[in-house]
2 protein chains.
Amino acid sequence: MLSKKTKYGIKALVHLARQEERTPVQISTISKAENISQKFLESILLTLKKNGVLGSKKGKGGGYYLLKEPKDIPMTTVMRLLEGPIAMVPCVSLNFYEKCEDCPDEKICAVNKLMLEVRDNTLKIFRNTTLADLSN
Amino acid sequence: MLSKKTKYGIKALVHLARQEERTPVQISTISKAENISQKFLESILLTLKKNGVLGSKKGKGGGYYLLKEPKDIPMTTVMRLLEGPIAMVPCVSLNFYEKCEDCPDEKICAVNKLMLEVRDNTLKIFRNTTLADLSN
DNA sequence: TATTACTCTACTAAATCTATAGGGTAAAAG
DNA sequence: CTTTTACCCTATAGATTTAGTAGAGTAATA
């Protein structure tokens, strides 16, 4: 299941990408437009900012804005920041690899085999889909 | 994340598929071989039985066995029974569809668009992968 | 200098996961 | 008829995650 955090994050990013100009947009504006709890959205935008996806401006006329062009923001970045690993099992994760305790040998493991294929395909989609693709 | 329930279920099914003969295998045997808590495994095999994947035999020489050939058991069946929806979001689920409360129009929704593509790809893999494929 | 908006910490209510523990019942084989 | 094993049910519980809420603090801009 996709968490609401990620869902809201994507919606907010798309909202920003759909802006004509790259002027800052207030949290409250996005929150109302996308039906997201303002405080929750605040924490989401903050992690996106800390990780170089968004910039922010304080004071009057402040808000959040994209730091890169939508076409240069792949969904892998967004998913990893908000949702965490893309793989369904840690033993097939690229960025969050962990060995299974219960599994004697990954090369023989059926679950590993299956989930590796799923990860490869999902990763391909996230890599090839940018914020620009979702904003049309 | 894949739940342990599903993970254990797949491992147990593969264990059964790898048997030379289709004679019943005891829960305790599978539990030991695959490092799975016996009671937990019991409940997993029970749901697989209730849904037509496994058969069981009581008493001495009893246990669980596959009701179909491994090549006739696609992973879609197993995933849906144990893990639930294959889609990451209910609004793109085939078997567990639900409308999002916060979303005014699915056709415009970026999350919907992205997750629909992911679901299509994942589904294709699960449909084309059978228990036989995992048992080699 | 007042307003607006971002920053940060802490807390919480509810749900889900992953079991564990233990009871009893039913069927099949020897 | 006795043993074995599956079936079925309830209750408990620690850990983690989710989806927020509350409130105080800080910084920039008009």
Side-chain angles (χ1 to χ4, degrees), chain A residues 1-12 16 23-32 34-51 53-67 81-85 88-90 96 98 100-102 111, chain B residues 1-12 16 23-32 34-67 81-85 88-90 96 100-102 111:
Chain A
M1 268 298 169
L2 193 77
S3 68
K4 297 221 168 163
K5 188 175 164 189
T6 308
K7 188 180 170 188
Y8 292 164
I10 295 174
K11 285 194 170 195
L16 290 174
T23 52
V25 180
Q26 293 171 33
I27 295 180
S28 64
T29 307
I30 305 176
S31 145
K32 277 168 203 156
E34 307 294 337
N35 273 313
I36 306 170
S37 143
Q38 181 162 338
K39 275 289 192 179
F40 193 29
L41 180 59
E42 194 182 306
S43 73
I44 296 167
L45 296 182
L46 215 55
T47 52
L48 289 173
K49 190 206 154 180
K50 280 180 183 161
N51 289 283
V53 178
L54 295 180
S56 69
K57 198 184 162 192
K58 291 181 181 177
K60 202 164 191 175
Y64 284 95
Y65 53 92
L66 295 174
L67 278 181
L81 286 178
L82 299 177
E83 191 74 7
M88 294 183 79
V89 172
F96 302 82
E98 266 177 59
C100 295
E101 307 157 16
D102 56 308
V111 176
Chain B
M1 270 298 170
L2 194 76
S3 68
K4 297 221 168 163
K5 189 175 163 187
T6 308
K7 189 181 170 188
Y8 292 164
I10 294 173
K11 285 194 169 194
L16 290 174
T23 51
V25 180
Q26 291 171 35
I27 296 179
S28 65
T29 306
I30 305 176
S31 145
K32 278 170 204 154
E34 307 294 338
N35 272 313
I36 306 169
S37 141
Q38 182 161 337
K39 275 289 193 179
F40 195 27
L41 182 59
E42 191 183 309
S43 73
I44 296 168
L45 297 181
L46 216 51
T47 51
L48 288 173
K49 191 209 153 182
K50 279 180 183 163
N51 289 281
V53 178
L54 295 180
S56 69
K57 199 183 161 193
K58 290 181 184 176
K60 200 163 193 173
Y64 285 94
Y65 53 91
L66 295 175
L67 278 181
L81 287 178
L82 298 178
E83 190 74 7
M88 294 185 79
V89 172
F96 300 83
C100 296
E101 306 158 15
D102 57 307
V111 177

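Fair warning: this is a prediction, and the values are worked out from it, not measured in the lab. Below, read A as the first sequence line, B as the second, and so on, with proteins coming before strands; counting in each chain starts at 1.
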Steps toward side-chain contact (heavy atoms from CB on, under 4.5 Å) verdict (B/T6, A/V111): CA-CA 9 Å; B/T6 308; A/V111 176; over 6 Å; no
Shortest non-hydrogen contact from A/G9 toward A/I44: CA-CG2, 3.7 Å
Closest contact, heavy atoms only, A/C100 versus B/K7: SG-NZ, 3.5 Å
Any side-chain heavy-atom pair of B/L16 and B/I30 under 4.5 Å: yes
Minimum heavy-atom distance between B/S31 and B/L41, given as atom pair plus value: N-CD2, 3.6 Å
Donor-acceptor under 3.5 Å (B/E83 side chain, B/S3 main chain): yes
Nearest-nucleotide comparison on DNA chain D, the residue closer to the 5′ end among A/E42 and B/E42: B/E42
Sugar-phosphate, base or nothing in reach of B/Q26, heavy atoms under 4.0 Å: sugar-phosphate
Heavy-atom pair of closest approach, residues A/L67 and A/L54: CD1-O, 3.3 Å
Gap separating the CD atom of A/Q26 from the OH atom of A/Y64, nearest 0.5 angstrom: 12.0 Å
Interface with DNA chain C, restricted to residues 2-9 of chain A and to heavy atoms under 4.0 Å: none
Separation of atom NZ in B/K50 from atom P in D/dA6, rounded to whole Å: 16 Å
Closest non-hydrogen atom pair between B/F40 and B/K4, with its separation: CE2-CB, 4.4 Å
Contact interval (first through last nucleotide) of DNA chain C with protein chain A, 4.0 Å heavy-atom: C/dT4 to C/dC8
Pairwise N/O distances under 3.5 Å, protein to nucleotides 25-30 of chain D:
{"unit_1": "D/dA27", "atom_1": "O4'", "unit_2": "A/K58", "atom_2": "NZ", "d": "3.0"}

Validation row: A/V53, A/T47 side chains within 4.5 angstrom (heavy atoms): no
Touch class at under 4.0 angstrom, heavy-atom based, for B/I27 against every strand present: sugar-phosphate
Integer-rounded Å distance: D/dA22 C1' and A/Q38 CD: 13 Å
Minimal non-hydrogen separation, A/G63 against A/P24, with atom names: N-CB, 3.5 Å
Touch class at under 4.0 angstrom, heavy-atom based, for A/G63 against every strand present: sugar-phosphate
Interatomic distance, A/M1 CE vs D/dT16 C1' [rounded to whole Å]: 18 Å
Nucleotide of D/dC8, D/dG20, D/dA6 approaching B/L46 most closely (side-chain heavy atoms): D/dC8
